[in-house]
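We name chains A, B, ... by the order of the sequence lines, and we start the count at 1 in each one.
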Amino acid sequence: MSYDHKQIEAKWQERWESEKVFRAADDPSRPKFYNLCMYPYPSGALHQGHVRNYTFGDLLTRYKTMRGYNVLSPMGWDSFGLPAENAAIETGVHPRENTEAQITTMTRQIKQLGAMYDWDRELASHHPDYYRWNQWLFLQLWDRGLAYKKEAPVNWCPKDQTVLANEQVVDGACERCGTVVERKNLAQWFFKITDYVERLLADLDLLDEWPDRVRTMQRNWIGRSEGASFTIPVAGSDASFEVFTTRPDTIFGMTFCVLAPEHPLVADLIAGSEHEGEARAYISQASRASEIERMSEGEKTGVPTGAQAINPVNGKEVPIYIADYVLMGYGTGAIMAVPGQDQRDWDFATRYGLEIIRTVQPPDDWDGEAFVGDGLTVNSEFLDGLDQAAAKLRITDWLEEKGIGKRTVQYRLRDWLISRQRYWGSPIPIVSCPTCGLVPVPEDQLPVLLPDVQDYAPKGQSPLAGVEDWVATTCPSCGGDARRETDTMDTFVDSSWYFFRFTDPHNDHIAFEPEKARYWMAVDQYIGGVEHAILHLLYARFITKFLSDIGYSAVSEPFARLFTQGMITLGGSKMSKSKGNVVDPLDLFASHGADALRLYHLFIGPPTDDAAWDTNGVEGTWRFLDRFWRLVTETDRFENASTNRELLAQAHRAVKKVTEDIERFVFNTAIPPLMTLVNSLAEAVRTGIDRETFDEVVELLIKLLAPMAPHISHELWECTGHRTMLAVEPWPEWDGGLVAQATVVMVVQVNGKVRDRVEVPADIAPEEAERIALGLEKVQGWIDGASVQKVVARPPNLINLVVG
RNA sequence: GCCCGGGUGGCGGAAUGCAGACGCGAGGGGCUUAAACCCCCUUGAGCCGAAUCGGCUCGUGUGGGUUCAAAUCCCACCCCGGGCACCA
């Protein structure tokens, strides 16, 4: 009889839940393991990406539990955010109602997977119990000057009617809806992540259990550049401007300067100039140009200001241009242009007929344009003859001595723009008072509750602005009339500290007890999609460092070990509703069961890699489970047999292999030894096996399968007469004596080609291996009288005879 | 343009001194009135031999190199995927 996955899976899901097998107690006497899958947005439908994520996570939860760890594996909901609000705009249904219905649905689906969480610790970021502490976090940052409001040019999505962080702009378009992003000046809230930039960069080196790829992405995102900044005076005026360069050694090659169109000095420089009209037209065009147009590389355009700059090293006067290839947001918004050593400057110079001076000698065969490589400095007075490094050092010292400039480090990373003109998020706990200015809502008045609104449609400001009796309030400081901040927080704020809240999820007088966090943090294993490699992980690292600084966290890095899983693809592209290529996990729960689906996700390929979906593969893992099921439940004839020891040895080798593979987080190679062991066991049942060996091999197989296919494993554990809960049984150890092989098949090569194989003792000496190899008939045929010139012996696996 | 990954049968993928484990697919056989399920066998390409067994040659994107030995290490190139991108 084939196994009834529906009945068995329902039975065990109920048992695990009612017996609270996976509830984590705060017990500092036990070694802990904090295992966390990135908490999901409650979209309402479990997809294969979730299944893959939770299958990996649950395998680890169950494995570590069997290894005796006190495992914390919580689940929660990233439940604020745009999709629920956009749905509300269309349907009028309150986002809360919608979100909570979807949480209910997804909870049921996750339980159908058999993935175990401590549901007593469930949290959802839209609950006042949670966002109250989100607001608390905001106030902590405010108190230390790390939250501030300022007018800034921002990325504005005209469709969603909200501001986007730089990180949420992809190819000049809104990450969510694809609308081309505009630039707008608005007063916005920021977190000062740049205060932490050096630590965020330096501590990446400590994260040696993170994928290199993710560390590199973060490093590039932070974008540290060393160089010099210095002052350039404007000729015939008191004005001057600062520039930053990574190539101060090329300063003698400066033949013009460029200011960004938004540079504050521009207006003064062009006033009254013959180029004023032309320049104004250019500036206004640049400000209207969408981000995407400005970003498209190509022809560099610009206009002269008519003003001249004075090169501080040699007093040479060069023209000052305005061009949009210089960005106001990076460095000082002004550059010294050195076309000889910078391709962008070269392009600009050749277009406008400007002078080009090489100050680095290119190689003799150089036929390119700007030369950016290393070489001897030329045309540079006291720098001549120095290489790049020496010249940089020399000129930077010179600039510092003269008081003209200084060593400078620049970063690509900007402060984190956290305000959103949307409804479905944590209200920012600030009140604006005409006399006191911006005043924080006192901690004991938190949470600032999100009020209900009538109209969710975006109008350029948060829908909260329309709730007059909410907006109108009194100043906590002077008691006078004041108005509430109507922006809400970016949902990345919610997710930047939720892993702390899981350590003390019900606390209603503090965000979390530092003592509890001290026991559970850091997260030992964090599992999720690589799409969070930059934003979420960077923000979470920043907030953790902050919480550490204010005494709430004993760790300054939240995630000790990070695992990023690959995507599931079908027909060459990522499975997604919009592509219409989804395979619904719920259908597979019904047709093949959660165990077969889980096993398929483990087996399909390396967990880090993308994997091409093949429903036949689920059929395959189902067949494997069913074969094992029938073998255990239908075998009833036993006899003494001589091959039992070899079968037992194979079983113990499987224990070793599976254990080692789980430890190194590679699951696809942990399944084949189980499949071959089941096949060998079936073979042994056909040819004769004794009861004792059969039972031992079955017991090992059940335990090894327990973290991967838990339902069928638990049922078989019970079927084979055990009264204990398999989930908390100890993980099996392998018998070293059985694993070690007495004899090994040695490969015999002649001139590097395999010519024969021979069974030899595992501890064979090289000389003996050579003697045996030379005695083989086939080997003699290949040597054919020639002399053996060299013997490379790697006993007992291989020996290579080199003949000439 | 710069920085990461990656190219192995019909397919997903194993393999760090034996290429193709394991699974899927395909082909053949058994069971069956029949089909499905299940069980057994075959399955990189080419070739040799009185040939269901034994053997040979080639073969891991392309071209070189190092080595007794290369999918694996090195160099160059091609292709695919990802990240960043006028960052001075």
When you measure from the side chain of [X], which nucleotide among [options] comes out closest?
X	options	value
A:D614	B:A85, B:C24, B:C68	B:C24
A:W782	B:C68, B:G83, B:C56	B:C56
A:D342	B:G13, B:A19, B:A88	B:A88
A:R623	B:C38, B:A88, B:C86	B:C38
A:R755	B:C84, B:U57, B:A88	B:U57
A:N800	B:A88, B:G83, B:G17	B:G17
A:K300	B:G12, B:A88, B:C86	B:C86
A:K753	B:G13, B:U57, B:A21	B:U57
A:F603	B:A88, B:C68, B:G12	B:G12
A:M675	B:C22, B:G83, B:C68	B:C22

Which part of the nucleic acid, if any, lies within contact of A:R219, taking any heavy atom under 4.0 Å across all strands shown: a base, the sugar-phosphate backbone alone, or nothing?
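Counting heavy atoms under 4.0 Å across all strands, no contact is made by A:R219.
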What nucleic acid atoms does A:K778 come within less than 4.0 Å of, heavy atoms only: base, sugar-phosphate, or nothing?
sugar-phosphate
Is the ring centre of A:F348 less than 6.0 Å from the ring centre of A:Y321?
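So the answer is yes for these two rings.
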Can you confirm whether or not the ring centre of A:Y600 sits under 6.0 Å from the ring centre of A:W613?
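Here the rings of A:W613 and A:Y600 have centres that are less than 6.0 Å from each other.
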d([atom1], [X]; [atom2], [N]) in whole Å:
X	N	atom1	atom2	value
A:R664	B:U16	CZ	P	9 Å
A:Y330	B:C84	OH	C1'	13 Å
A:E226	B:A88	CD	C1'	15 Å
A:R412	B:A85	CZ	P	4 Å
A:L538	B:C84	CG	P	13 Å
A:L413	B:G83	CG	P	19 Å
A:Y600	B:C11	OH	P	15 Å
A:M217	B:A85	CE	P	11 Å

By nearest heavy atom, map A:G617 and A:W622 onto RNA chain B; which one lands nearer the 5' end?
A:G617
When you match A:D609 and A:N616 each to their closest nucleotide on RNA chain B, which lands nearer the 5' end?
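So the residue in question is A:D609.
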Under 3.5 Å, which N/O atoms of the protein pair with N/O atoms of nucleotides 40-48 of chain B?
residue	atom	partner	partner atom	Å
B:C40	OP1	A:R686	NH2	3.4

Distance check: side-chain N/O of [X] vs OP1/OP2 of [N], anything under 4.0 Å?
X	N	result
A:N797	B:A69	no
A:N668	B:A14	yes
A:T669	B:A21	no
A:R794	B:C68	no
A:R630	B:C39	yes
A:R351	B:C86	no

Would you please classify the geometry between the A:H263 ring and the A:F241 ring as parallel, tilted or perpendicular, with 30° and 60° separating the classes?
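Aromatic pair A:F241/A:H263 classed perpendicular.
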Who is the Watson-Crick or G-U wobble partner of B:G44, with both distances under 3.5 Å?
B:C58
Applying a 3.5 Å limit to both distances, which nucleotide forms a Watson-Crick or G-U wobble pair with B:G63?
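B:C75 - that is the nucleotide pairing with B:G63, both distances being under 3.5 Å.
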Can you see whether A:W782 has A:R755 sitting over its ring - NZ or CZ less than 6.0 Å from the centre and within 45° of the normal?
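Here A:R755 passes the 6.0 Å and 45° test against A:W782.
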For a quick check, tell me whether the side chain of [X] and the base of [N] share a donor-acceptor pair closer than 3.5 Å.
X	N	result
A:K790	B:C68	no
A:R213	B:G5	no
A:N220	B:C84	no

Give the intermediate values and the outcome of side chain to side chain contact (heavy atoms under 4.5 Å, CB included) for residues A:F667 and A:D661.
CA-CA 6 Å; A:F667 309 127; A:D661 282 353; over 6 Å; no
Just label B:A45 as syn or anti from its O4'-C1'-N9-C4 or O4'-C1'-N1-C2 angle, using within 90° of 0 for syn.
anti
Which label fits B:G9, syn or anti, where anti is any glycosidic angle not within 90° of 0?
syn
For the CZ atom on A:R637, are there more than 12 heavy atoms of other groups (residues, nucleotides or ligands in this structure) within a distance under 6.0 Å?
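Atom CZ in A:R637 is not packed in, count stays at 12 or less.
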Enclosure of A:E663 CD (heavy-atom neighbours >12, cutoff 6.0 Å):
yes
Tell me if a side-chain donor or acceptor on A:N311 pairs with a main-chain N or O of A:I251 at a distance below 3.5 Å.
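Here the side-chain-to-backbone pair exists.
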